[in-house]
Amino acid sequence: MPNSYIAGLGHYIPERKVTNKDLETMMETTDEWIVERTGINSRYWADLEKDSTSNMGTRAALKALENADLKPEDVDFIIFCTLSPDYNFPGGGVLVQEQLNIDTIGALDIRNQCSGFLYGISVADQFIKSGMYKTVLVIGSEIHSSGLDKTTRGRNVAVIFGDGAGAAVLRATDKPDKGILSTHLHSQGKFAEELMVIEPSSISIHRTDNIPERIYPVMNGSNVFKHAVTRFPEVIMEALNKNGYTPSDINLLIPHQANLRISQFIQKTMKLRDDQVYNNIVTYGNTTAASVPIALSEAWQKGLVKEGDLICLAAFGSGFTWASALIRW
Ligand code: COA
């Protein structure tokens with residue numbers, strides 16, 4: 001049975017940097033409040049004249065392919081992960097397929113919010129292990145800025161989220177000890193309404209009413225926090241136990257960038273050193289499905305992800321959904 005490994009990574013961040021001070025001009029908030037509660041200093045917002053969730057994903061994918069020394073025509077399958085697609089339907093995967101000018105390969109969309117990229121990695125890994133595909137593109141891309149309530153009413157959500165895209169190319173290898181060792185996926189739908197956007201929705205009788213509570217994300221922040229700090233360590237330990245490792249064996253943990261306080265809590269609970277955990281939420285905010293591939297790509301670019309390293313990816317978010325992947329690089 002072949003194994004799958006990450007052959008290339010890339011990310012794309014839109015140009016417009018929005019600082020906490022900029023947000024102070026839009027809503028009643030302060031730089032101090034945002035930094036203290038979330039650790040975020042800035043985030044980037046897309047320019048809708050030229051950026052879309054799909055084309056940012058395509059830009060990240062092109063870099064990932066280039067870094068893998070591959071061409072779009074080498075891709076057998078596309079997995080596109082987002083909660084902010086260009087259209088309600090069709091999904092972004094087919095748009096990326098067209099933008100990359102690839103022949104009629106399959107394209108799958110994954111809607112698992114902050115855990116989306118890890119669900120995508122898991123699906124790609126299974127396709128490769130089963131022998132169905134040899135090269136799978138997994139993309140996480142988000143534009144939150146056009147869908148946030150940027151008034152004081154929406155401040156608990158609006159200050160957290162940012163835009164961006166990241167991509168990974170997974171390929172088959174015959175080396176049994178290289179690549180994705182295991183993936184672990186979970187969900188708990190009883191908490192679906194703790195972090196959600198209702199509209200546009202097939203169950204809605206308010207479709208045209210533009211009610212703020214229905215068209216903007218709503219979040220029970222303290223409950224999300226409480227579950228996140230439990231589920232992250234749990235799913236990381238699940239991956240380590242499955243493969244006979246302990247936290248001290250991890251070379252780099254890349255947690256979904258939900259909130260710096262959550263990452264710090266995980267680090268403390270798992271007794272990890274600073275150099276074992278990668279965080280970039282300070283600069284980019286929470287980019288949901290794009291956060292893990294952006295962080296992984298950036299860490300790899302900085303030389304923090306090296307051949308032979310044990311890399312752990314983990315995520316938690318709306319659904320609730322949570323997931324992990326353990327990788328021997
Ligand atoms: N600026 C200033 N004040 C704000 C604010 C903002 N951006 N957002 C909320 N507040 C206010 C609230 O209105 C409230 O005021 P009150 O006490 O007068 O009612 C006060 O700050 C505390 O609000 P609360 O929501 O209880 O704060 P908190 O300590 O729970 O922090 C979060 C809010 C969102 C930072 C925190 O709950 C959190 O990080 N949760 C996890 C979120 C997350 O990671 N989401 C992504 C999941 S993938």
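Side chains included, hydrogens not; waters and symmetry mates left out as well; all remaining heavy atoms used. Read the numbers this way: they start at 1 and go in the same order the structure lists the ligands and their atoms.
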Those atoms of ligand 1 less than 4.0 Å from some heavy atom in [X]:
{"X": "Ala258", "value": "44 (O), 48 (S)"}
{"X": "Val224", "value": "43 (C), 45 (N), 47 (C)"}
{"X": "Asn259", "value": "38 (C), 39 (O), 44 (O)"}
{"X": "Asn156", "value": "8 (N), 9 (C), 34 (C)"}

**Report entry** Residue from Ser248, Pro247, Cys312 passing side chain to side chain contact (heavy atoms under 4.5 Å, CB included) with Leu272
**Finding:**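 Looking at Ser248, Pro247, Cys312, the match for Leu272 under the side chain to side chain contact (heavy atoms under 4.5 Å, CB included) is Pro247.
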Looking at [atom], tell me if a protein heavy atom falls under 4.0 Å from it.
{"atom": "atom 18 (O) of ligand 1", "result": "no"}
{"atom": "atom 39 (O) of ligand 1", "result": "yes"}
{"atom": "atom 29 (O) of ligand 1", "result": "yes"}
{"atom": "atom 35 (C) of ligand 1", "result": "yes"}

Query raised in the report: Does Ser115 use its side chain to pair, donor to acceptor, with the backbone of Thr321 at less than 3.5 Å?
Result: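 Yes; at least one donor-acceptor contact below 3.5 Å.
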Query raised in the report: Under 3.5 Å, is there a donor-acceptor pair between the side chain of Gln257 and the main chain of Asn280?
Result: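 Checked: pair present.
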What do we get for [X] next to ligand 1 when only non-hydrogen atoms under 4.0 Å count, side chain, backbone, both or neither?
{"X": "Cys114", "answer": "side chain"}
{"X": "Thr29", "answer": "both"}
{"X": "Met219", "answer": "side chain"}
{"X": "His256", "answer": "side chain"}

Starting from [atom], which protein heavy atom do you reach first, and at what distance in Å?
{"atom": "atom 37 (O) of ligand 1", "answer": "Gly221 C, 3.1 Å"}
{"atom": "atom 24 (P) of ligand 1", "answer": "Arg37 NH1, 4.5 Å"}
{"atom": "atom 9 (C) of ligand 1", "answer": "Trp33 CZ2, 3.5 Å"}

Query raised in the report: Of His144, Gln113, Glu142, which meets side chain to side chain donor-acceptor pair (under 3.5 Å) against Ser84?
Result: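 That would be Glu142.
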Report task. Identify which one of Ser4, Ser130, Ser182 satisfies the side chain to side chain donor-acceptor pair (under 3.5 Å) criterion when paired with Asp125. Result ->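 Per the side chain to side chain donor-acceptor pair (under 3.5 Å) rule, the option paired with Asp125 is Ser4, out of Ser4, Ser130, Ser182.
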Requested in this report: Could you name the option among Asn286, Leu23, Thr321 that has the heavy atom nearest to atom 46 (C) of ligand 1?
Outcome: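 The nearest heavy atom belongs to Asn286.
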Query raised in the report: To which of Leu195, Thr152, Ile262, Val229 does the heavy atom nearest atom 44 (O) of ligand 1 belong?
Result: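 It is Ile262 that holds the nearest heavy atom.
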So does [X] pair up with [Y], basic N to acidic O under 4.0 Å?
{"X": "Lys21", "Y": "Glu24", "answer": "yes"}
{"X": "Asp47", "Y": "Lys50", "answer": "no"}
{"X": "Asp51", "Y": "Arg59", "answer": "yes"}

**Report entry** Close N or O approach (Arg155, ligand 1; < 3.5 Å)
**Finding:**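 Yes: some nitrogen or oxygen of Arg155 is under 3.5 Å from one in ligand 1.
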Requested in this report: Indicate yes or no: does an N/O atom of Phe316 lie under 3.5 Å from an N/O atom of ligand 1?
Outcome: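 No; every N/O pair is 3.5 Å or more apart.
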Requested in this report: Please lay out, stage by stage, how Asn3 and Thr173 fare under the test side chain to side chain donor-acceptor pair (under 3.5 Å).
Outcome: CA-CA 5 Å; Asn3 224 2; Thr173 172; over 6 Å; no
Report task. Considering non-hydrogen atoms only, spot the tightest contact between Ala168 and Ile6 and give its length. Result ->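 That closest heavy-atom pairing would be CB-CG2, 4.2 Å.
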Requested in this report: Among Phe191, Phe232, Phe225, find the one that has a ring pair (Phe, Tyr, Trp, His ring centres under 6.0 Å) with Phe320.
Outcome: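 Checked Phe191, Phe232, Phe225 against Phe320; only one passes ring pair (Phe, Tyr, Trp, His ring centres under 6.0 Å): Phe191.
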Query - Close approach, Val159 and ligand 1, non-hydrogen under 4.0 angstrom - result: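 The answer is yes: ligand 1 sits under 4.0 Å from a heavy atom of Val159.
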**Report entry** Parallel, tilted or perpendicular: ring planes of Trp322 versus His186, cut at 30 and 60 degrees
**Finding:**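 Parallel, since the angle between the ring planes stays under 30°.
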